[in-house]
Amino acid sequence: MAAAMASCGCTLGLYTKLVAFEKQPISKTPFFSSDPVKHLCISTKSRLSYSFSTMIPKASATAIEDGSHQETDMVPTPKVIIDQDSDPNATVVEITFGDRLGALLDTMSALTNLGLNVVKANVVLDSSGRHNTFSITKASTGRKVDEPELLEAIRLTIISNLLEYHPESSAQLAMGEAFGIEAPKQKLDVDIATRIRINDDGTDRSLLSVETADRPGLLVDLVKIVTDINVAVESGEFDTEGLLAKAKFHVNYKGKALIKPLQQVVTNSLRYFLRRPSTEDSSF
């Protein structure tokens, strides 16, 4: 749900001074909207600064009240998926962390603190572990979340609770260096980790796939980079998988699929910004 990989030292300074998210204005520009013209009102004058403050709501220790946490030698890779495609009426969030996750009542409480409703929750068990799925809508409208800042706040809230109640996941997540107890031992080279693909998805839109090193604020930055060149983001999916972030966005230019020259512009812009240091001094 998506400026080079942020210096985690800088990120630590930003995110340890979190203030209440609900006091911060959320962009009124829809993230995933059927009207691509609405995306063009994002300013092209300045790159998003990650000095915006977001509270990561904490909750009580009910996250593991069912006693599902079991220590094993192998720590599974945490995965958080934010899906805007599968349900037309709600934002679907899936959390997987082997068999360690419990009922996640505290996560649902924290999401409620962001002005959201959890309208449906499911748990599916398979060979890869326990998949906790939530359908989320905005309490104020009853509709799915469409602001990139709020989608990123959802992602960081879930990861923050995961790190609090499962601290063994800290070294498995890029966010562990930002607000975990143990930074990842492995460091990803953003140039090697970054893969960008754009394919036609019919005549009226294209599918943009981005895989890169994760960091706080990435989802917001990816959307801004694309919309700054007047490409509309309709819908998509943003996955956090260990140290990597994987985004798939349906995009269009004036209601049409991206032609090859514009595909190259989008690719070059993303590669340029993703390898730049994400500091306040890097704004233009």
Side-chain angles (χ1 to χ4, degrees), residues 1-2 31-32 56-70 75-166 168-169 172-175 207 209 211 214 218-219 234-250:
M1 188 30 30
F31 180 9
F32 302 124
I56 307 302
K58 303 293 184 181
S60 63
T62 55
I64 52 176
E65 78 283 350
D66 67 352
S68 66
H69 177 91
Q70 297 179 7
V75 178
T77 300
K79 298 180 183 179
V80 178
I81 298 173
I82 297 178
D83 177 10
Q84 293 286 76
D85 280 339
S86 61
D87 189 330
N89 301 311
T91 297
V92 178
V93 176
E94 180 180 325
I95 312 169
T96 304
F97 188 40
D99 63 353
R100 284 167 157 77
L101 290 174
L104 296 180
L105 296 180
D106 78 292
T107 295
M108 289 188 282
S109 175
L111 293 174
T112 300
N113 292 340
L114 292 177
L116 303 168
N117 288 330
V118 179
V119 295
K120 183 170 59 177
N122 294 308
V123 178
V124 177
L125 293 173
D126 61 21
S127 59
S128 63
R130 178 180 302 182
H131 303 265
N132 299 267
T133 304
F134 308 107
S135 295
I136 299 171
T137 61
K138 295 173 63 176
S140 59
T141 64
R143 298 179 179 178
K144 69 196 310 177
V145 179
D146 55 12
E147 298 94 343
E149 295 91 346
L150 186 51
L151 288 167
E152 180 69 349
I154 292 170
R155 185 174 80 104
L156 295 184
T157 294
I158 292 170
I159 292 174
S160 176
N161 282 345
L162 175 64
L163 289 169
E164 181 173 358
Y165 296 109
H166 294 284
E168 72 277 13
S169 67
Q172 299 285 100
L173 284 161
M175 303 296 185
L207 180 64
S209 301
E211 181 176 311
D214 193 24
L218 181 61
L219 188 158
E234 298 177 11
S235 62
E237 179 180 304
F238 193 90
D239 301 357
T240 304
E241 186 173 341
L243 303 180
L244 283 172
K246 302 176 181 180
K248 293 181 180 179
F249 298 133
H250 296 294

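For Ser135, the side-chain contact (heavy atoms from CB on, under 4.5 Å) partners are Asp87, Ala90, Val92, Val119, Lys120, not counting sequence neighbours. Under the rule for a side-chain contact (heavy atoms from CB on, under 4.5 Å), the partners of Asp85 that lie at least two apart in sequence or sit in another chain are Asp83, Ser235, His250. Shown here are the side-chain hydrogen bond (donor to acceptor under 3.5 Å, both in side chains) partners of Lys79, two or more places apart in sequence or in another chain: there are none. Residues satisfying the salt bridge (Lys or Arg N to Asp or Glu O under 4.0 Å) test with Glu211, not counting sequence neighbours, are Arg195. Take Ser169 and apply the side-chain hydrogen bond (donor to acceptor under 3.5 Å, both in side chains) test, not counting sequence neighbours, and it matches no residue.
Using a 4.5 Å heavy-atom threshold, the side chains of Ile95 and Phe134 count as touching. Residues Leu151 and Gln84 meet the side-chain proximity criterion, which asks for heavy atoms closer than 4.5 Å. Using a 4.5 Å heavy-atom cutoff, the side chains of Ile82 and Thr91 are in contact. Counting heavy atoms from C-beta outward, Thr96 and Ile81 have side chains that stay 4.5 Å or more apart. Using a 4.5 Å cut-off on side-chain heavy atoms (C-beta onward), Thr107 and Val118 make no contact. At least one side-chain heavy atom of Asp214 sits under 4.5 Å from a side-chain heavy atom of Arg155. Taking 4.5 Å as the limit, some side-chain heavy atom of Leu116 sits within range of a side-chain heavy atom of Lys138.
Contact between Ser209 and Lys248 at its shortest, heavy atoms only, is OG-CG, 3.9 Å.
Separation of atoms CD1 (Ile136) and NZ (Lys144) is listed at 12.0 Å; rounding is to 0.5 Å. Between Met108 atom CE and Asn113 atom CG the span is 13.0 Å, to the nearest 0.5 Å. Remark: Phe249 CZ to Glu237 CD distance equals 10.0 Å, nearest 0.5 Å.
Under the side chain to side chain contact (heavy atoms under 4.5 Å, CB included) rule, Asn117 has a single partner from Thr137, Thr112, Leu111, which is Thr137. The side chain to side chain contact (heavy atoms under 4.5 Å, CB included) with Leu173 is formed by just one residue from the set Thr77, Thr240, Val80; it is Thr240.
Between the Lys246 side chain and the Glu241 main chain, no donor and acceptor come within less than 3.5 Å of each other.
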